[in-house]
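Please read the structure below before turning to the comments.
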Amino acid sequence: MCKHFGTDVGGSVDITKAREVLPTNVKPLHYSLSLEPDFDKFTYDGTVVIDLDVVDNTTDISLNTAELKIHSTTVLSGEQVIADSPALSHNEDDQTTKISFKQTLPGGTKATLKMTFSGTLNDNMAGFYRSSYKNPDGSKGWLATTQMEPTDARRAFPCFDEPALKAEFTVTLVADEKMTCLSNMDVSSEKMVDSAVTGGKRKAVTFSKTPLMSTYLLAFIIGELNYIESNSFRVPVRVYAPKDRDIEHGRFSLELAARTLEFYEKTFDSPFPLPKMDMIAIPDFSAGAMENWGLVTYRVVDLLIDEKTSGAAVKQRVAEVVQHELAHQWFGNLVTMDFWDGLWLNEGFATWMSWYSCNVFYPDWKVWEGYVTDNLASALSLDSLRSSHPIEVPVKRADEINQIFDAISYSKGSCVLRMISKYLGEETFMEGIRRYLKKHAFGNTQTGDLWNALSDASGKDVPKVMDIWTKKVGFPVITVTEDEKSNAIHLKQNRFLRTADVKPEEDETLFPVFLGLRTKEGIDEELALTTREDNFPLKNLDFFKLNADHSGLYRTSYSPERLKKLGVAATQGLLSVEDRAGMIADAGVLAASGYQKSSGILSLLESFKSEPEFVVWSEITNRIATLRSAWTFEEESVREALKQFQLDLTSDKAHELGWEFTDADGHIEQQFKSLMFGAAGVAKDKVIIKAALDMFSKFKKGDEAAIHPNLRGSVYAIALANGGKEEYDAILDHARHAKTSDERNTALRSLGRAKDPELIQRTLALSLSDDVKSQDIYLPISALRSHPEGIRALWAWVKENWTELEKRLPPSLSMLSSVVSITTSSFTHKDQMKDIEEFFSKKSTKGFDKALAQSYDAITAKAGWIERDSEDVKAWLKEHNHL
Ligand code: BES
Ligand code: ZN
């Protein structure tokens with residue numbers, strides 16, 4: 001039985017129309033850019049010479065600038081100056097400067113634009129900015145670095161700041177001799193010059209000309225740096241870090257990068273085109289990492305790792321980030337989306353690719369199993385909100401663009417690729433990728449170009465099955481009913497919303513759904529549901545499950561009886577790890593949105609008590625955590641009973657695994673022990689609490705090795721839940737003096753667990769103090785969400801300190817958005833939501849309106865859930881003697 005796809009997206013909007021772009025009268029070909037920073041004044045001087053193709057006769061040139069002071073402007077037609085100091089008009093709103101002159105630049109000729117300018121080495125982690133670290137004598141050391149994506153190259157220098165306006169770049173940096181200067185390319189020459197800043201001599205370092213590339217991938221860095229180098233790849237690979245870091249902590253990433261580049265070159269059949277690859281740890285960094293071509297920048301924790309003091313999960317994160325950024329060197333850098341509405345092509349692919357190569361390099365990590373509780377879960381979670389958006393979404397302005405670096409572009413994007421790669425087969429998929437890269441190298445693409453390459457390679461009509469997934473918002477829930485007489489299942493698809501209030505006009509999309517029907521005969525990969533509903537005959541109804549390995553983007557709603565049978569099938573080895581984790585996730589989410597009763601999921605969880613696998617347990621503990629956090633503001637007795645349930649469920653497993661670590665423990669086993677220790681420990685397992693407090697007391701006396709890195713977060717949480725000021729001070733002190741960023745972050749991240757009102761206030765004050773860099777504000781406040789007192793105090797504090805927060809976290813970056821999300825999304829009642837709405841009704845929500853709308857939807861969903869199931873949950877807890 002094989003159904004064919006016959007759906008058509010039809011009538012979808014042309015997203016290219018919404019773009020706010022520069023006029024097309026001229027095109028940049030080459031930039032010669034020279035910059036000299038002043039580390040005393042935190043400013044820099046710059047000169048840019050841009051070679052242009054004149055497309056049409058014109059008397060003006062518009063390009064992007066933001067917060068730059070332009071000192072001089074000259075326009076040449078060929079060799080001839082046609083305008084010296086022409087009129088400039090700056091438009092702050094769309095961040096452009098228009099240069100108008102009298103003489104016409106004739107179409108079809110070449111022109112040159114020369115500008116001198118100065119800017120601020122700002123402390124906002126955008127454009128050309130400053131970042132600091134501590135010198136051994138306690139003084140601050142400075143470096144100058146860049147973050148251009150998405151639209152901050154214009155903050156560093158005047159440019160045509162759009163991804164499709166690719167050009168070549170020749171960069172020169174002028175700095176003191178002791179400084180290391182880095183850019184995308186290798187150094188081509190170095191000479192001493194007269195400095196405009198110091199009045200004395202300084203070195204001018206010029207880098208080789210880049211290939212054709214987009215402005216957002218440009219990078220330049222000046223600082224006192226150490227490095228290590230690997231020569232195991234065709235071109236040298238280096239890891240750099242400021243002098244305060246142990247450069248050996250870059251070894252893991254360095255070796256991995258060299259292997260990854262070699263693997264990608266081969267897999268993509270496309271040589272890495274640059275003469276070197278540098279990766280550098282930056283002390284102040286707004287994202288996790290940035291894929292600048294040939295000079296990837298990282299947050300310190302995402303590049304440097306001390307394997308002796310960091311756990312398995314941290315190592316996996318570093319591996320993921322390194323492989324993600326290196327995947328971008330092809331996907332994003334060599335071939336670039338033509339505008340930001342195609343961001344998913346960059347981020348979705350880099351995400352998928354990092355999983356793919358991680359699975360090749362570390363097969364024992366079984367990363368694809370974890371994909372279901374990671375990317376698939378995030379994608380379905382955000383996309384179940386009314387405030388979600390299609391993968392391909394029209395965006396215009398910087399504050400909009402930043403907001404789509406979200407679970408839709410990354411996780412849903414990668415899920416869509418996982419889906420099509422399974423459908424075509426990984427080999428065919430990769431052949432399509434090779435064709436795509438070859439055809440569009442140094443160019444720009446739209447989603448359709450990728451689909452065409454995959455169609456080419458597979459002979460299948462890929463757009464027909466994929467268009468809907470990227471153009472339409474949401475995903476379906478498939479309701480399964482069974483007809484025993486005819487041995488058939490009936491499937492019906494409807495849009496899924498967590499708030500369970502889908503309107504007919506929101507439920508018009510019919511998704512082409514790969515069913516992945518698993519029976520005792522195996523998996524039927526061909527079967528698809530392309531209509532609203534259909535019947536599918538089976539051999540018998542003894543055993544079946546949809547969405548094998550959860551490679552499809554949908555939830556499945558079974559009858560309570562079938563769900564029970566699947567719970568039994570899980571114990572009989574009939575389901576894969578992905579199946580078991582995914583099935584629990586589906587059941588849990590569907591219960592939370594009213595498709596089933598919550599008592600059903602509680603029973604299902606209980607039936608998994610003897611489950612042997614880490615990933616499945618991570619979903620089980622997720623489900624309890626989700627329920628418990630929705631019930632945060634409910635009666636104390638019910639909350640206690642839920643905690644008791646968690647204890648009952650997790651305790652045996654935690655004890656069976658234990659919390660001793662040896663060299664024989666595998667990567668997954670380490671994380672498994674860590675997960676269960678934490679889950680049972682925070683649910684007040686007495687033996688674990690005692691063990692944790694013993695470890696903590698040794699640690700407090702200076703024996704840092706007393707707490708194993710895999711347990712550190714949980715031990716802190718337990719110490720804070722069962723202690724007071726003394727424990728808090730010990731952890732804070734450790735945060736201040738920790739040798740690695742990971743240790744520091746773990747300590748900062750736990751402080752919010754303390755419930756004492758005075759300690760809550762200290763945690764809040766800490767996040768805006770000099771102890772915490774702006775990049776880390778979210779760390780201390782995050783754990784406040786683990787208790788109702790913390791959630792309330794956090795929100796009150798945000799209201800009080802809004803002006804300061806807005807100042808510290810510019811809305812054009814993503815940090816304000818995450819603070820808003822952290823501080824609002826934990827509420828669960830309508831009246832709480834009203835308070836939030838009222839507060840923001842008088843404020844500009846620029847830069848975080850999406851996050852806010854998503855919080856409202858999340859709160860609405862929880863409020864509905866509690867209303868529906870609060871009695872049901874209570875009754876189940878009573879029946880099972882927890883209440
Ligand atoms: N291109 C992004 C960095 C970025 C994010 C720039 C947001 C501008 C705005 C980079 O490739 C990235 O995706 N980094 C991730 C890490 C990755 C492993 C998911 C990040 O920063 O967390
Ligand atoms: Zn990325």
Side-chain angles (χ1 to χ4, degrees), residues 14-24 26-31 33 50 52-53 55 62-66 94-96 126-127 146-169 184 210-219 273-274 287 290-297 324-325 327-350 391-406 409-410 413 436-437 439-450 470 812 814:
D14 177 3
I15 52 170
T16 62
K17 281 199 187 123
R19 298 173 179 178
E20 191 177 281
V21 289
L22 294 167
T24 53
V26 298
K27 273 213 172 75
L29 300 170
H30 176 264
Y31 294 72
L33 174 65
I50 313 177
L52 301 165
D53 241 347
V55 180
S62 289
L63 77 176
N64 296 110
T65 60
D94 63 11
Q95 304 181 324
T96 59
T146 52
Q147 170 60 40
M148 309 302 202
E149 194 183 18
T151 57
D152 286 314
R154 63 190 68 171
R155 207 173 280 284
F157 65 104
C159 58
F160 297 82
D161 198 11
E162 289 170 16
L165 298 177
K166 289 194 176 186
E168 297 170 329
F169 295 83
N184 306 78
T210 70
L212 271 183
M213 62 181 281
S214 306
T215 46
Y216 81 91
L217 291 166
L218 211 62
L274 304 188
M290 176 64 212
E291 68 266 25
N292 315 301
W293 218 357
L295 178 51
V296 180
T297 43
H324 176 108
E325 303 313 333
H328 276 312
Q329 306 301 305
W330 284 263
F331 245 87
N333 302 8
L334 180 64
V335 179
T336 314
M337 75 258 148
D338 79 341
F339 198 65
W340 297 105
D341 45 43
L343 178 68
W344 87 278
L345 286 171
N346 272 11
E347 299 304 348
F349 188 85
I391 287 181
E392 292 185 83
V393 61
V395 281
K396 286 194 239 178
R397 309 166 48 87
D399 55 284
E400 289 172 0
I401 294 168
N402 259 299
Q403 293 190 71
I404 62 164
F405 285 82
D406 64 3
S409 301
Y410 284 75
Y436 172 82
L437 290 172
K439 182 160 179 197
H440 302 286
F442 305 102
N444 293 83
T445 55
Q446 296 187 351
T447 299
D449 296 313
L450 178 61
T470 59
S812 60
S814 56

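- How far NE2 of His30 is from CG of Leu212: 10.5 Å, rounded to the nearest 0.5 Å.
- If you take CE on Met290 and CD on Glu325, they are separated by 7.5 Å, rounding to the nearest 0.5 Å.
- In this structure, OH in Tyr410 is found 5.0 Å from NE2 in His324, a value given to the nearest 0.5 Å.
- Proximity of a side-chain donor or acceptor of Asp152 to a complementary backbone N or O of Arg155 within less than 3.5 Å is not detected.
- Of the possible polar contacts, none joining the Asn64 side chain to the Arg154 backbone as a donor-acceptor pair under 3.5 Å is found.
- With hydrogens and angles disregarded, no donor-acceptor distance shorter than 3.5 Å links the side chain of Asp341 to the backbone of Val393.
- Annotation: the span from Phe169 atom CZ to Met213 atom CE amounts to 6.0 Å, rounded to 0.5 Å.
- Side-chain contact between Val26 and Phe160 is present, with at least one heavy-atom pair separated by less than 4.5 Å.
- Residues meeting the side-chain hydrogen bond (donor to acceptor under 3.5 Å, both in side chains) test with Thr210, sequence neighbours left out: none.
- The side chain to side chain contact (heavy atoms under 4.5 Å, CB included) with Leu165 is formed by just one residue from the set Thr215, Leu22, Leu63; it is Leu22.
- Nearest heavy atom pair, residue Pro163 against residue Ser214, reads O-OG, 2.7 Å.
- With rounding to the nearest 0.5 Å, the separation of CG in Asp53 from CG in Leu29 is 4.5 Å.
- The shortest non-hydrogen separation linking Gln329 to Val296 is NE2-CG2, 3.5 Å.
- A side chain to side chain contact (heavy atoms under 4.5 Å, CB included) with Pro150 is found for exactly one of Val395, Leu343, Asn402, namely Asn402.
- Checked by atom type and distance alone, the side chain of Glu291 never pairs as donor or acceptor with a backbone atom of Asn333 at under 3.5 Å.
- Legend: residues meeting side-chain hydrogen bond (donor to acceptor under 3.5 Å, both in side chains) with Asp449, ordered by chain and number and at least two apart, are absent.
- Between Leu334 and Trp293, the closest side-chain pair of non-hydrogen atoms falls below 4.5 Å.
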Could you give me the CA-CA distance, side-chain angles and deciding distance for Arg19 and Asp338, then say whether salt bridge (Lys or Arg N to Asp or Glu O under 4.0 Å) is met?
CA-CA 11 Å; Arg19 298 173 179 178; Asp338 79 341; 3.0 Å; yes
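- In this structure, a donor-acceptor pair under 3.5 Å is present between the side chains of Glu392 and Thr470.
- Of all the heavy atoms in Tyr31 and Pro158, the pair that sits closest is CE2-O, 4.1 Å.
- For Ala327 against Ala350, the heavy-atom pair with the smallest separation is CB-CA, 4.0 Å.
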Just do the side-chain contact (heavy atoms from CB on, under 4.5 Å) check on Asn444 and Met337 with the steps written out, would you?
CA-CA 5 Å; Asn444 293 83; Met337 75 258 148; over 6 Å; no
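- A search for ring pair (Phe, Tyr, Trp, His ring centres under 6.0 Å) contacts involving Tyr436 returns Phe331, His440, not counting sequence neighbours.
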Under the ring pair (Phe, Tyr, Trp, His ring centres under 6.0 Å) rule, what do Phe405 and Trp344 come out as? Steps first, then yes or no, please.
CA-CA 9 Å; Phe405 285 82; Trp344 87 278; over 10 Å; no
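- Of all heavy-atom pairs spanning Leu295 and Ala219, the tightest one is CD2-CB, 3.9 Å.
- Under a 3.5 Å cut-off, the side chain of Glu162 and the backbone N or O of Phe339 do not form any donor-acceptor pair.
- Side-chain atoms of Asp94 and Glu20, non-hydrogen and from C-beta on, do get closer than 4.5 Å to each other.
- Between Leu218 and Thr146, every side-chain heavy-atom pair lies at or beyond the 4.5 Å cut-off.
- Listed here is the closest heavy atom pair of Glu400 and Lys396: OE1-N, 2.7 Å.
- The side-chain heavy atoms of Asn292 and Thr297, taken from C-beta on, include a pair separated by under 4.5 Å.
- Each of Leu345, Leu437, Asn346 was evaluated against Val335; a single residue qualifies, Leu437, per the side chain to side chain contact (heavy atoms under 4.5 Å, CB included) test.
- Ring centers of Trp340 and Tyr216: under 6.0 Å apart, within the cut-off.
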